[in-house]
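The structure appears below as structure tokens.
In listed order, ligands and their atoms are each counted from 1.
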Amino acid sequence: MRKPRCGHIAPASSKVAEPTCLRNARVRTVISLPPGERLSCWTLIKRSESHSTRLFLPQPVPRELVNEALALAQYAPSNSNIQPWHMVFASGACRDRLVAALIDEAQRRPPNVPPLPASFQHFRSELGAQVYGAMGISREDTARHAAAVLRNWEFFRAPVAGIVCMHRDLGPADALSVGMFLQTLLLALTERGLGSCVEVSISGYPKIVRAQLAIPTELSILCGLAIGYPDPEFPANKLHIAREPIGENVVFLDN
Ligand SMILES: Cc1cc2nc3c(=O)[nH]c(=O)nc-3n(C[C@H](O)[C@H](O)[C@H](O)COP(=O)(O)O)c2cc1C
């Protein structure tokens, strides 16, 4: 079953100190870029069809690279120029405490993430089959499956754990603006050799996140953002998650 079509029926006619390992989305091999060299904008955008990182190396993330990426993301457009994104980053001991508390909670009860509507659930199943399949884990292998899912709340071992927030009184247009900020941030991080994973799973334990990071109640917790250097040996980091042809998402109405 494909997603509902909402009534439309017409078909759609900085610097880097050392050589940086980056995935080239087109040829799908890991390439080494010389110091200071960057991937093109279009190669970076194809990042979106290349990979989220689901296992990171312990290698620390230089703060200046994250700051550079954030400064670029700050140019994202937003409704009434509100710039509604609010990011909280935890690293070091703070990140470790957050992860310990999240893992403890995740072992006690399921996350409070709203279920997908039935007609969209096949997307999650198909994705899960690819992601866990790449790790050699079948659906029936419940123990290994649960252990792999649990890594969500470890931020997939990323040394930088981000929390993406927005004021609770803002609405869908502002959430769109946060999304534009996030995509720009992901691309800028990728350009700097850093991997990332956006994680709605983190928002499933808002009380824990708030308590650990002193996030006030006027901020809604939208998702997490894991940032670090991808483990090049981890099979699920090499996945190619396909995209729909644009005709599934777009209609042109000319007459
Ligand atoms: C809003 C949002 C929430 C996501 N939440 C999760 C998550 O909780 N866990 C996870 O492993 N991936 C999560 N992802 C990553 C998506 O699964 C991934 O972007 C999608 O399958 C496309 O794959 P790609 O990023 O590798 O191209 C999320 C992505 C977005 C944009």
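In this structure, Y205 and R109 have side chains that are in contact, with non-hydrogen atoms separated by less than 4.5 Å. L186 has its side chain within reach of L225: a pair of non-hydrogen atoms, C-beta onward, lies under 4.5 Å apart. You'll find the side chain of S201 stays beyond 4.5 Å of the side chain of V149, heavy atoms only.
Looking at ligand 1, you won't find any N or O of F156 less than 3.5 Å from one of its N or O atoms.
Remark: among candidates E199, R54, H51, R124, the nearest residue to atom 17 (O) of ligand 1 is R54, based on non-hydrogen atoms. Residue nearest to atom 24 (P) of ligand 1, selected from A226, S196, A236, S52: S52 (by heavy-atom distance). Checking L127, V164, V198 against atom 28 (C) of ligand 1, the nearest heavy atom belongs to V198.
Remark: D141 pairs with I137, S138, R144 by the side-chain contact (heavy atoms from CB on, under 4.5 Å) rule, at least two apart or across chains. Qualifying ring pair (Phe, Tyr, Trp, His ring centres under 6.0 Å) partners for H167, counting only residues two or more places apart in sequence or in other chains: none.
Ligand 1 lies within reach of C197, whose nearest heavy atom is under 4.0 Å from it.
When atom types are taken as modelled, the side chain of Q121 and the backbone of L116 share a donor-acceptor pair closer than 3.5 angstrom.
Neither the backbone nor the side chain of V131 comes within contact range of ligand 1; no heavy atom lies under 4.0 Å.
Set against the non-hydrogen atoms of S201, the atoms of ligand 1 under 4.0 Å away are 7 (C), 8 (O).
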